Amino acid sequence: MPCVAVVDTTFARVNMAEEAIKVLKRKVPAIKIKRYTVPGIKDIAVAVKRLFDEGCDAAITFGWVGPTQTDKYSYLAMSIALQMLQIQYGKHVIDVTVHEDEASGEKLKEVAIMRAREHALNLAILLTKGPEGLTPLAGTGQRQGWPDVGPL
Ligand SMILES: Cc1nc2c(=O)[nH]c(=O)nc-2n(C[C@H](O)[C@H](O)[C@H](O)CO)c1C
């Protein structure tokens, strides 16, 4: 039974993890979810580490980056920490992040929900089909939250 760490924040303005969990449970019925909610993106990495140490096989994280330069530096710090964790543990951390300046209002909410669902599906495929599970989609210009751009 695969265990997935789901880490999200109270800073976010959309409950993305809830959407992702529905997809994960539908696609991988035997899945075990360990959810951990932290204040903000710079608190995400340690939550992932703790859940990996408790035996989770992969993680999916939901960050929300504010519009200022300081917010973007916070994202960079989180992103580097998540890359280090992936390498250290040899486990996927699917980083689902919404940047508040991507859109606004209802459109931003739609981007967040679609990104959460589509990356949850990516993770479900990696968990159930392994490294070549996404290969049929290689080079097809997939985008999460926005329309796919297609191959060249
Ligand atoms: C500047 C800043 N920007 C963000 C952000 O864009 N998104 C977010 O989720 N959290 C932000 N935070 C809060 C930090 O990530 C963290 O929660 C606090 O510094 C407490 O450790 C901070 C401090």
Side-chain angles (χ1 to χ4, degrees), residues 1-28 31-128 131 133-134 137 140-149:
M1 173 172 36
C3 171
V4 169
V6 174
V7 181
D8 64 348
T9 73
T10 59
F11 189 101
R13 301 178 66 193
V14 175
N15 192 338
M16 296 178 276
E18 188 175 75
E19 297 296 326
I21 288 168
K22 284 185 219 162
V23 173
L24 288 167
K25 285 185 171 168
R26 192 169 68 244
K27 294 289 174 185
V28 191
I31 203 166
K32 182 173 181 191
I33 304 279
K34 285 197 176 194
R35 188 163 176 181
Y36 194 149
T37 304
V38 294
I41 46 179
K42 286 195 288 181
D43 313 308
I44 287 177
V46 71
V48 171
K49 182 181 189 315
R50 287 171 72 159
L51 294 176
F52 277 170
D53 288 340
E54 290 178 16
C56 282
D57 305 294
I60 185 165
T61 64
F62 299 93
W64 188 283
V65 182
T68 70
Q69 192 68 41
T70 312
D71 296 322
K72 293 177 196 300
Y73 287 138
S74 295
Y75 173 67
L76 184 61
M78 178 206 74
S79 189
I80 291 168
L82 293 185
Q83 292 299 326
M84 288 170 66
L85 281 174
Q86 292 194 89
I87 295 161
Q88 185 187 346
Y89 282 84
K91 296 177 179 181
H92 283 293
V93 179
I94 304 294
D95 164 11
V96 184
T97 299
V98 170
H99 297 260
E100 195 152 338
D101 52 13
E102 283 186 73
S104 61
E106 280 303 304
K107 181 61 191 171
L108 185 59
K109 182 176 178 182
E110 182 192 317
V111 168
I113 289 172
M114 292 310 295
R115 184 164 298 156
R117 288 179 184 162
E118 291 180 61
H119 271 312
L121 184 58
N122 282 335
L123 179 56
I125 291 170
L126 286 172
L127 285 171
T128 55
L134 289 169
L137 293 174
T140 60
Q142 300 294 306
R143 297 293 184 270
Q144 289 77 32
W146 293 101
D148 298 336
V149 294

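Numbering of ligands and ligand atoms starts at 1, following listing order. Just so you know, these numbers come straight off a predicted model, no measurement behind them.
The two atoms that bring Val28 and Pro2 nearest to each other are CG1-CG, 3.9 Å, heavy atoms only. Between Leu127 and Ala58 the shortest heavy-atom distance is CD2-CB, 4.2 Å.
Residue contacts with ligand 1 for Tyr75 are absent, since no atom lies close enough (heavy atoms, distance under 4.0 Å).
Among protein heavy atoms, the minimum distance from atom 13 (C) of ligand 1 is reached at Gly40 CA, 4.3 Å. Closest protein heavy atom to atom 22 (C) of ligand 1: Ser74 OG, 4.0 Å. At the shortest separation from atom 15 (O) of ligand 1 among protein heavy atoms lies Lys42 N, 2.9 Å. Atom 7 (N) of ligand 1 has as its closest protein heavy atom Trp64 O, 2.8 Å.
Using a 4.5 Å heavy-atom cutoff, the side chains of Ile94 and Asn122 are not in contact. Proximity of Leu108 to Val98: side-chain heavy atoms (C-beta onward) are separated by under 4.5 Å at one or more points.
Using a 4.0 Å cut-off to heavy atoms of Asp43, the atoms of ligand 1 that qualify are 16 (C), 17 (O), 20 (C), 21 (O). Contact atoms of ligand 1 toward Phe11: 4 (C), 5 (C), 6 (O), 7 (N), 8 (C), 9 (O), 10 (N), 11 (C) (distance under 4.0 Å to a heavy atom of the residue). Below 4.0 Å from some heavy atom of Gly66 lie the following atoms of ligand 1, by number and element: 5 (C), 6 (O). Applying the 4.0 Å criterion to heavy atoms of Ile41 picks out, from ligand 1, the atoms 5 (C), 7 (N), 8 (C), 9 (O), 10 (N), 15 (O).
The salt bridge (Lys or Arg N to Asp or Glu O under 4.0 Å) test applied to Glu18 returns no partner, not counting sequence neighbours.
Here's the thing with Val65: none of its N/O atoms is less than 3.5 angstrom from an N/O atom of ligand 1. Annotation: Thr70 places no N or O atom under 3.5 Å from an N or O atom of ligand 1; distance criterion only. At a 3.5 angstrom cut-off on N or O pairs, Asp71 counts as close to ligand 1.
With a 6.0 Å radius and a threshold of 12 heavy atoms from other residues, nucleotides or ligands, Arg35 has its CZ atom above the threshold.
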- So Asp95 and Tyr75, side-chain hydrogen bond (donor to acceptor under 3.5 Å, both in side chains) or not? Walk me through it. CA-CA 11 Å; Asp95 164 11; Tyr75 173 67; 3.1 Å; yes

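A distance-only check finds no donor-acceptor pair linking the side chain of Thr37 to the backbone of Asp8 [under 3.5 Å]. The backbone N or O of Ile33 lies less than 3.5 Å from no partner atom in the side chain of Lys25, so there is not a single donor-acceptor pair.
Using a 4.0 Å heavy-atom cutoff, Gly63 is absent from the residues neighbouring ligand 1.
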